[in-house]
Each structure stands twice: as structure tokens, then as C-alpha cells.
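Let me begin by presenting the structure, written as C-alpha cells, before commenting on it.
Protein chains get the first letters and strands the later ones, always in sequence-line order, with residue 1 at the start of each.
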Amino acid sequence: MAKELTSRAADYSQWYNDLVIKSGLADHSAVRGCMVIKPYGFALWENMRDQLDRMFKETGHVNAYFPLFVPKSLFEAEEKNAEGFAKECAVVTHYRLKNDPDNKGKLIVDPEAKLEEELVIRPTSEAIIWNTYKNWIQSYRDLPILVNQWANVVRWEMRTRLFLRTAEFLWQEGHTAHATKEEAVEETIKMLHVYADFVEQYMAVPVIKGVKTANERFAGAEDTYCIEALMQDGKALQAGTSHFLGQNFAKAFDVKFSDKSNQLDYVWATSWGVSTRLIGALIMAHSDDEGLMLPPRIAPIQVVIVPVYKGEDSKAVIDEKANSIISKLKALGVRVKYDNSDNSRPGWKFAEYELKGVPVRIAMGLRDIENNVVELARRDTKEKSSVSLDGIDIYVHQLLEIIQQNMFNKAKTFQQANITKADTWDEFVQILDEKAGFVSAHWDGTPETEEKIKEQTKATIRCIPLDNQPEMGVCVLTGKPSTQRVLFARAY
RNA sequence: CGGGAUGUAGCGUAGCCCGGUUAUCGCGCCUGGUUUGGGACCAGGAGGUCGCAAGUUCGAAUCUUGCCAUCCCGACCA
């Protein structure tokens, strides 16, 4: 049929590309590397965003908005951060176009309108925000500052994929300022846990919490914490990061405060973010060859009702019964859609809502109504059953939670089954090539070894898990002593 | 950014090598009818800057050059 997907086995990468477009989440645009997030995809993002926003507010944060443009002189103030992003910055150099005198109807950049100082389009907002915080902070009484912003950022990527890596993407970035190092570290870890809770409980994607090695650390950070998720093809995906920035930005932007004993000190900072990339993680963690599989808590449509009728008379009967179910479901807060359009037949609708990942489908015809039942299909297990109309609202409401749990459990089982220990180089390489997933191995702690392993296997250290147990061993590459295992994987 | 491939109606495509009436077919779309429990059927119909721009030619979807976008590989990717 027209909407058939490439199967995962045939070409995982193509399956993903097909799925994003055919399920109606997003499209390519006329701009290289930039996507159009379509209404269905945006509804999904809104559900994710709204829940995260609630969680940020529960932990004491407030929202604000800072400019898209960052003057180059501000951008370069924190050197490591600037250097890290320099290669992928879009830069505004002019502020005006004019008619092309040699080519009627065309426009050219007006050379008269060159900016005195170029404006960098934010790849992240530390610079503009810390330049602002300088004006907000004088005393310990002004701290902490716990601000988040929802924004778009631009990183000029050479190779892009819908949701996973686009030149422009949507995200949130939290930027906090604290009086003490301890408080800033605590904030960094707290937000990592918020991310992990969100991704596991709402997206039903299990993650591993950890800290990045120096090689993988955010430019300008003292420590970068992350949550790492595992995709069905065995590749890892960084789903969120939280950075302890030390006093690096405070020093770069000269942000000092007076403490209780009137001593001046630099402010301690954190930043943390998740982006529309999470949607890529969601797709690759759960979906199958029939389409998306969305966890109920964030699915734009949780239940779809499809009537099966013969003629207008029966349709009227089914409509009436369906509407009574819908009002009961809505009263329980269930997002339900009734698709009684006459444009397509039931079978077509079944396939379409499977493609779109709707967790529960209810089909009802005259035969069902006579028997006081509906046909109910679960997207996660593909099970169909006949369910009594009595208490159907309660049943569905509970089923949505069961599906949510089942999706998480299934993904968790997969994740656990794909963390493999390797104690020799041969084992290490073999696991990466034949099984993939995370490989838990000893590493001598040097960036050089990490780099060599990356060159030889394309695997990087995803993180040093926070719940790591100390264990003596020897580095899988160099044989040098090591005190703990770290997680390697090939990654998105 | 380097190497390779692709671009023809909303989608998938034939035609291109070897230039020549009105650009092929399927799905989808519109109208009417019959249908409706896993991607319906019949009849009629609409829909095209052949990715964009130059060039060669009497004539370009077809040949040449440049550009744009997408896919794959590589480099890069806090």
C-alpha cells in the first residue's frame, strides 16, 4: 500500500526516516537540515514540554526568554565554550537587503548594511544569559537564580536526520546561579534525576544516569552528567545532559556576589537541557514495522474509536453509543478521538492509527452494541479483545496505565539484556560487532585510550554510571589497572 | 565539508543511454453509485514550472555546466 514502511530488518535507518514522515510527525523543509514539525508531531512535543515544564516548576524554576542573537564578543568570552561551538555557528553579518540593480525582481544583501559586530545565532545561551546575570546578581540574597527557557537553537550540522540531529531544533535550557559549589552540584544532579524520571515515567524509555568523560564533556563545564538510552538497533542515544559549570562562566562574565560576611566571590553555575531529539529516542525505543508506538502518558491521541456500520441508520445508532463512551472517557481525562469520517473504511483506519501509534483502538458495530461490547485493540501487544460496555471508561483508563507500564518494562528488559561485560579486547570488539548495545568494560582513565578505542571501533564511552560499583580490573585496550567499569557503545 | 546516488502530479514510478506529436502507469484526489468487522469496487474526471537556472540545438524530461534539496559512506557532532 501507499503507506507501507521499510521494515526494521531490511534497513533500520530507512525505517526510521519513513516512519517519521509517514506517521505525520515531521517533514523536510526547503532549508537544508531544517524540519517542519507537523501538528501531530508538535502535539507530541507539547505533551512532553508541558510535563517537563510542570516538573521544572515543581523544583522551583521559573521561565524567562533571552535573545536569539548573541554578539560575537559575548559569545567568545568563555573560551572553551566558544571554541567548542565555533565550527557550527550561523552568523548574522548584515541587517538589510535591497533590490538588485542588475537583476530585476531579485534581492541582494546591501553591502552598506554590514553590522559593526557580527551576531551569532545561539547554539546555546550561556553567554547571553551570564552577561545578563551579571546585572541581576550583587548579593547572596539574589541567589539562587533558577531560570529555564524554552527556545530554538541553531547548530550548523553537516549531516542531519529528522529529530535526531537538525540544524535548528527546539529545546529547553535551564541556567542556574548559586552561592556555593555544593548547591550547584546538587542542582546539576537534581535536574538529571528530573530528566531520568520524565523519560522513564512518561516516555517509558529506561535510561542510565552517568557522568561523561573529559572527552565527551560539554565545552566550558567542569562535569557533564547525562542520561543514556538504548535504541532497538543497539545504538545508544544521549537523551539529556546536565552540566556543573563551576565558576567558569562567572569568571568569564565577571559575575560576583557578596556573601554573608561581605566577601566577594564568583557565582557557581549549572545548565541543563533536553530537546526535540527526545522524539527520536521515543521512536527508536518503541516503534515497530507497523508504525509508531506511543506511550499513553504523552500520546496526542490515547484512544481512537472507529465505528463499523452499514448504512446511515446503523451509523446513527453507533454514533450515539460512541458519544456516550467519549464523554465518559473525557470525564476521566482521556484524550479520545472518534473517527466517524466516511472517507475511509475501517480497515484503512486501523492501519492508519497503528502507524500513528495510538495506544488503544476501539471498534464498534451494531453486532457489538447488541452484545453490549466493543472490540478493543492494544497497540503495544497487538491483542484484540471483546470488552463489555459496562464500565468501559474505567477499563480503558486503567488499560492506558497498564500499556504505559508494559512499554517501559519491555524496553527495560531489552536494555538490561543489552548491557554486556567484556574483559578482553577480542570480547569487546566481538560484542560491539555482533550484539551491539552497551559494553561494560574497564578503561585506564586516559583520554588517549578512549580516543584509540573510538578510532578502532567507533564506540565511545557513553558514561560512567552513577551507581557504579568499584571493581578492580585492567583496561580492555591497554591492560593498565582500572578501578571501575564504564559503558561503551556506538551512538547516535 | 569530501566521495557516491537520487530528484518526473500529493506519494511511488516509466520514459533519459540513442533529443522529435498531446510525458507512462499505479496509489491518492474530485463527481456519481454500490459498499463498510483489517488498507473496497464500478464509471467518469481533474491534477505537470519533468528540482532550479543558464547553455547547446530548428527543437531539451532526455545532452552540458552551475546551483538547491534528500539519501548512503566518511570527516565533524558540547
Side-chain angles (χ1 to χ4, degrees), chain A residues 1-6 11-14 16-18 20-22 24 27-35 78 80-89 103 106 123-126 153 155-162 164-167 169 171 173 212-226 237-238 240-243 245 248 271-273 275 277 290-291 306-312 314-315 318 339-355 361-369 371 373-377 382 384 386 454-455 458 460 491-492:
Chain A
M1 279 292 126
K3 285 203 168 180
E4 205 152 292
L5 293 172
T6 303
D11 185 341
Y12 191 83
S13 181
Q14 193 59 44
Y16 176 84
N17 294 336
D18 282 2
V20 170
I21 290 175
K22 289 182 177 171
D27 262 340
H28 292 288
S29 71
V31 191
R32 181 208 287 273
C34 295
M35 65 176 166
E78 208 294 320
K80 281 184 184 161
N81 186 255
E83 205 183 306
F85 283 109
K87 292 188 296 294
E88 45 187 342
C89 286
N103 205 344
K106 302 290 184 184
T124 181
S125 301
E126 275 80 1
V153 286
R155 297 177 187 180
W156 211 263
E157 302 288 351
M158 288 301 148
R159 203 171 162 184
T160 58
R161 294 191 73 190
L162 294 173
L164 294 175
R165 180 171 288 112
T166 46
F169 57 91
W171 78 341
E173 44 182 326
K212 288 290 191 189
T213 61
N215 278 1
E216 302 277 326
R217 190 180 292 151
F218 177 69
E222 297 287 309
D223 274 312
T224 288
Y225 295 83
C226 63
L237 187 146
Q238 178 176 300
T241 51
S242 183
H243 314 289
L245 301 174
N248 294 340
S271 68
W272 27 274
S275 71
R277 191 179 212 214
E290 273 72 56
V306 177
V308 181
Y309 53 89
K310 301 180 184 184
E312 286 300 314
S314 61
K315 184 163 185 280
I318 297 164
D339 186 352
N340 65 344
S341 65
D342 202 26
N343 299 331
S344 43
R345 290 154 46 104
W348 192 91
K349 291 175 184 174
F350 294 171
E352 181 68 12
Y353 291 107
E354 277 161 13
L355 180 63
R361 181 186 71 232
I362 292 173
M364 52 193 300
L366 281 186
R367 202 170 73 201
D368 299 307
I369 292 174
N371 295 323
V373 295
V374 293
E375 181 196 82
L376 189 147
K382 301 206 184 81
K384 283 198 269 195
S386 193
K454 185 181 174 184
E455 279 169 23
K458 291 185 184 172
T460 49
Y492 279 98

Any side-chain N or O of A:R367 less than 4.0 Å from the OP1 or OP2 oxygen of B:G37?
no

Nearest-nucleotide pick for A:W348, side chain only, options being B:C1, B:G39, B:G37:
B:G39

Which letters describe nucleotides 4-9 of chain B, given B = protein heavy atom under 4.0 Å from base, S = only from sugar-phosphate, - = neither?
------

Would you please confirm or rule out a distance under 4.0 Å between OP1 or OP2 of B:A40 and any side-chain N or O of A:R345?
yes

Can you check the A:M158 CE to B:G3 P distance for me, whole Å?
15 Å

Under 4.5 Å between any side-chain heavy atoms of A:D18 and A:Y16, yes or no?
no

Nucleotide nearest A:P346 when distance is taken to its side chain, options B:C71, B:C77, B:G37
B:G37

Mind checking A:A351 for me? I need base, sugar-phosphate or nothing, with any heavy atom below 4.0 Å counting as a touch.
base

Distance-only donor-acceptor test, A:K384 side-chain atoms vs B:G38 base atoms, 3.5 Å
yes

Considering only heavy side-chain atoms of A:A363, the closest of B:C77, B:C72, B:G37 is B:G37

Can you check whether A:R159 has a side-chain N or O nearer than 4.0 Å to OP1 or OP2 of B:C71?
no

Would you mind telling me which residue lines up with the more 5' stretch of RNA chain B, A:A491 or A:S29, judged by nearest nucleotide?
A:S29

Should we count CD of A:Q14 as having more than 12 external heavy atoms under 6.0 Å?
yes

Examine B:C71: is either OP1 or OP2 under 4.0 Å from a nitrogen or oxygen in the side chain of A:S13? Give yes or no.
no

Among B:U36, B:G38, B:A75, which is the nearest nucleotide to the side chain of A:Y309?
B:U36

Under 4.0 Å: is that the gap between some side-chain N or O of A:K458 and OP1 or OP2 of B:G74?
yes

Please report the distance, rounded to the nearest Å, between CH2 in A:W171 and P in B:C77.
17 Å

Under 4.0 Å, heavy atoms only, any strand: does A:D342 hit a base, just the sugar-phosphate, or nothing?
base

Check every strand shown and say whether A:E354 touches a base, only sugar-phosphate, or nothing at a heavy-atom separation below 4.0 Å.
base

Is the closest side-chain donor-acceptor distance between A:Y353 and A:D339 under 3.5 Å?
yes

Between A:E126 and A:S271, is any side-chain donor less than 3.5 angstrom from a side-chain acceptor?
yes

Tell me whether the side-chain N/O atoms of A:N343 come closer than 4.0 Å to OP1 or OP2 in B:C29.
no

Which nucleotide sits closest to the side chain of A:R165: B:C77, B:A69, B:U35?
B:C77

Have a look at A:G33 and say if it touches a base, only the backbone sugar-phosphate, or nothing, with a 4.0 Å heavy-atom cut-off.
sugar-phosphate

Would you mind telling me which residue lines up with the more 5' stretch of RNA chain B, A:N17 or A:P307, judged by nearest nucleotide?
A:P307

Applying a 4.0 Å non-hydrogen cut-off, can you work out what A:R361 is touching in the nucleic acid: base, sugar-phosphate, or nothing?
base

Exactly one of A:H243, A:K212, A:E216 clears side chain to side chain donor-acceptor pair (under 3.5 Å) with A:T224, and that residue is A:H243

Just checking A:G365: base, sugar-phosphate only, or nothing, at a heavy-atom cut-off of under 4.0 Å?
base

Out of B:U36, B:U70, B:G39, minimum distance to the side chain of A:H28 belongs to B:U70

Contact class for A:A30 (heavy atom, under 4.0 Å): base, sugar-phosphate, or nothing?
sugar-phosphate

Tell me which nucleotide among B:C77, B:C71, B:C72 gets nearest to the side chain of A:E88.
B:C77

Quick test of your reading of the model: are A:E354 and A:R361 salt-bridged, counting only N-O distances below 4.0 Å?
yes

Base B:G38 paired with A:E375 side chain (donor-acceptor, <3.5 Å)
no

Any side-chain donor near an acceptor of the partner, A:E222 and A:N248, under 3.5 Å
yes

